[in-house]
Colleague: 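This is the structure I have questions about; it appears just below.
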Amino acid sequence: MNPMVVVGVGEAGANMATAVYELVKHEKVDKYFQFILIDSNESELQREEIPKEIKQKITLRPPDNVIAIREDLKTFKYLYKGVNIQRKGALRQRVVARYFVDRKYDDLRISLYNITRDFADKHMADLTEEGNSLTITLLHSVGGGTGSGSFPILTAMLNGIKRDLEKELAISVSICGVGSMPTLPEDIAAPVEGDPVYYANAFAVFKEIEKLLEDKELVLPLYYTVAEVGKPLELKIEGLPFDKYFLVGINEGELKRGIKEEWVEAYIEEKNRSIANCLLALHEHRSLSKGDWPVAGGGGSEYAIGSFAEHEIKVPVRLLEVYVRKREELDSKMGELKGVKEEIKNKIEDIKRLQAVNISPDDVPEALKKDVEAMVTRELQTGIMNISEAELEDFVKGELKKGFGIEGEVYGVKLLTNKFDEMKYTEEWGKKVEELWERYGLGNKDKYKNKTTIRDKDESLHKWLLEVININKAWLENPPRVHLPGEKKRKQNLIERLESEKDDLEAIKRKSEQLERLKGKTAELNGEVKNELLDEISRKTEAKNSREDRVRRLEDEIKALERDIKATEDGLSKSKFGRVGYLQLKSDKVKDITGEELDRLDSLKKFVERGYIDIQDVRRGLETQIKRAKGWSSISVRDARHLSLFLLCNGENAELISELSAEVIPQDYSSYELRDKYTIKACFFQVGMKISDITDFRLIKERYEEGILQKALERVGRKVEESFAYPEWFSKE
């Protein structure tokens, strides 16, 4: 296990480092990694795409004032006339990137040393184990500005840090670099696609690497005063400043043709993931030192330059999770659809019943009739003639509604109306008034001849009876001395009879008046409950319409889900191979996968064992991806001396690898544990390249010699010579 310090320089380097961080965090080995990001544009380091957990960020800045920059233009000899120095970054100017590192060399070296030393101290138990080494990996763009221009000086700096750490801690330290380079088409007549500055910068980097490989000793002058010695330093680079340096091609033509921004982002993201997986393999490997590489042969500079690529096979688990979720969603919506349709059916029945009740309250169900009749009868028997109008309203809107709903209200009001109509208290009162009126001959008295209505006659009778009763009571209280025998008894009987008749008249009148009030309240309630009934019909109609709309939406959603599920089933039943190869599932088995089944399918091997994936497809897929990884690792290289295959595989799937033929899996391949149980990654490494082996160097050189590159640069106001940030290593020619 090799603890690794990952230094991402420039925007491209930061993106590569971010991909490494996300992978090692997913694999739960992030404690073995320390990340440092360096850029000349501070805003690039604050992008939201960069994980907040990456705390170590270093910004390379120019001086704060123009006068200091003018002085530096005289001091730093490699800064050409017209160079653009500002705080927004190197702007693809390699000399500016060198200048930023050069003028803060001391501070930057101390920061990198301290961060690396602290990380090494935390992992001394791993680093003192035989065969392990601390790996410092520099990630950068070959064609850009900050990462490209600072690469040689940073590599020399890291090499010095390596020597110090090895001496102080007695550990092994390896320096690794990864540069992403722009690739060109083979046809020299083809246009230079993308920014021509990228190719000029890459050309200069290739020439600098060539110098590092061929010259046994190079001097790298620093023009800024270093605090340790009080004067500018000259760095002596003896031998190679790195143990392994890998080149990865970026197809500028493909990027230009990928018009949509998301396509370009996906292309770069796939490249970065490939780089991340290869670095994970290197982290698992015992050592990156020149002489300790899993290939036949010795060490030396011929093993320093290489390239790599990663391809993988996997079960499309994320797609399966989406598929299962959609299946569950479909089942849920089908169940909801059934329920909503049942609700519509019930609403329609309710509406029909309520409409019938609205036409005729007698159309309520027979069982409901009996229950309402029983409750109304009980209420009448318990003295409904003594209740107030408010109490009658409470009975209707309270007990009846609570017990039987709006239909019970409507039918109950009808029953009450009928019951009150059957009560003859008003007729009885009228008959009683007419009877007494005739009995006492009030109609023959002039005083009462104009009294024609029952109410007027009742009022006159009441006054007359009271008057007669009072006269007779007065007589009894003070009778004359001489009166007929038995007169007192007759008057007492008369008073009693008249008072009884008056009380009877008042009682029958009260009942009549109470009945009229209750009839009026019942009529009012009848109107109210009819309106309530119409409102209820309206609500149920709206609810029905709303549910019908929901049915239409559900049916549309179900059709869309069924299409998605069918498309997903078709997709799962087909192999898809890019950098990531998705294994096909047997079409007749896909529908068997439920959420519970997916939980049981917790590895690629389980998919094979339970018959969802054919073992032959796994073998063919892995063979294809290994060949493709090998092909991509050599896409810009010819005649590399040694090839190495690193396989990343979870232990549960190891058996699947062991069954592959020796033609596909060489005997000296290295296999490392992977947390992801659904994926097998094939990382193919090439080492032993010369700069002349790099196809894209040859293609750029041809375009330079033909003048094509310079002509393309003229369009952006640049010269090829301006890309050489380390002119001290070259003659003026």
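This structure is a prediction, so every number in the text was calculated from the model and none was measured.
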Colleague: Would you please test K677 and E652 for salt bridge (Lys or Arg N to Asp or Glu O under 4.0 Å) and show each step?
Modeller: CA-CA 7 Å; K677 294 183 178 183; E652 291 196 24; 3.0 Å; yes
Colleague: Taking only residues two or more places apart in sequence or in another chain, which ones pass side chain to side chain donor-acceptor pair (under 3.5 Å) with E234?
Modeller: none
Colleague: For F100, check ring pair (Phe, Tyr, Trp, His ring centres under 6.0 Å) against everything at least two apart and list the hits.
Modeller: none
Colleague: Checking Y99 now: which residues fulfil ring pair (Phe, Tyr, Trp, His ring centres under 6.0 Å) with it, not counting sequence neighbours?
Modeller: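 Partners of Y99 by the ring pair (Phe, Tyr, Trp, His ring centres under 6.0 Å) criterion, ordered by chain and then number, come out as F76.
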Colleague: Excluding sequence neighbours, so at least two apart, what forms side-chain contact (heavy atoms from CB on, under 4.5 Å) with A90?
Modeller: S40, V96, A97, T146
Colleague: Are the charged groups of D64 and R87 less than 4.0 angstrom apart, N to O?
Modeller: yes
Colleague: Hey, are K88 and N41 close enough side-chain-wise for a donor-acceptor pair under 3.5 Å?
Modeller: no
Colleague: Who are the salt bridge (charged side-chain N to carboxylate O under 4.0 Å, His left out) partners of E42, not counting sequence neighbours?
Modeller: R61
Colleague: Using the test side-chain contact (heavy atoms from CB on, under 4.5 Å), find all partners of D215 that sit at least two apart in sequence or belong to another chain.
Modeller: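 Here the qualifying residues are K211, L218.
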Colleague: List the steps, then state whether salt bridge (Lys or Arg N to Asp or Glu O under 4.0 Å) holds for E269 with R273.
Modeller: CA-CA 6 Å; E269 187 176 331; R273 286 178 179 172; 2.4 Å; yes
Colleague: Tell me, please, which residues at least two apart from T624 pass side chain to side chain donor-acceptor pair (under 3.5 Å).
Modeller: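 For T624 there are no side chain to side chain donor-acceptor pair (under 3.5 Å) partners, ignoring immediate neighbours.
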Colleague: Can you name the salt bridge (charged side-chain N to carboxylate O under 4.0 Å, His left out) partners of E49, sequence neighbours left out?
Modeller: none
Colleague: Do R94 and S148 have side-chain atoms, one donor and one acceptor, less than 3.5 Å apart?
Modeller: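 Result is yes, a qualifying pair exists.
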Colleague: With sequence neighbours left out, write down each residue that passes side-chain contact (heavy atoms from CB on, under 4.5 Å) with V580, or none if nothing qualifies.
Modeller: E270, E312, K314, Y582
Colleague: Check the side chains of N201 and S723 for a donor-acceptor pair under 3.5 angstrom, ignoring hydrogens and angles.
Modeller: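 Yes, because at least one side-chain N or O of S723 sits under 3.5 Å from a partner of the opposite role on N201.
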Colleague: Please collect all side chain to side chain donor-acceptor pair (under 3.5 Å) contacts where either partner lies in residues 151-160, sequence neighbours excluded, each pair once.
Modeller: none
Colleague: Can you list everything that forms a side-chain contact (heavy atoms from CB on, under 4.5 Å) with K690? Sequence neighbours excluded, please.
Modeller: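 K690 satisfies side-chain contact (heavy atoms from CB on, under 4.5 Å) with R641, S692, D693 only.
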Colleague: Apply ring pair (Phe, Tyr, Trp, His ring centres under 6.0 Å) to F684 and list each qualifying residue two or more places apart in sequence or on a separate chain.
Modeller: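 Partners of F684 by the ring pair (Phe, Tyr, Trp, His ring centres under 6.0 Å) criterion come out as none, since no residue qualifies.
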Colleague: Answer yes if the side chains of R109 and N114 hold a donor-acceptor pair under 3.5 Å, and no otherwise.
Modeller: no
Colleague: Determine the interplanar angle of the F35 and F33 rings, folded into 0 to 90°, and report it as parallel if under 30°, tilted if 30 to 60°, perpendicular if over 60°.
Modeller: parallel
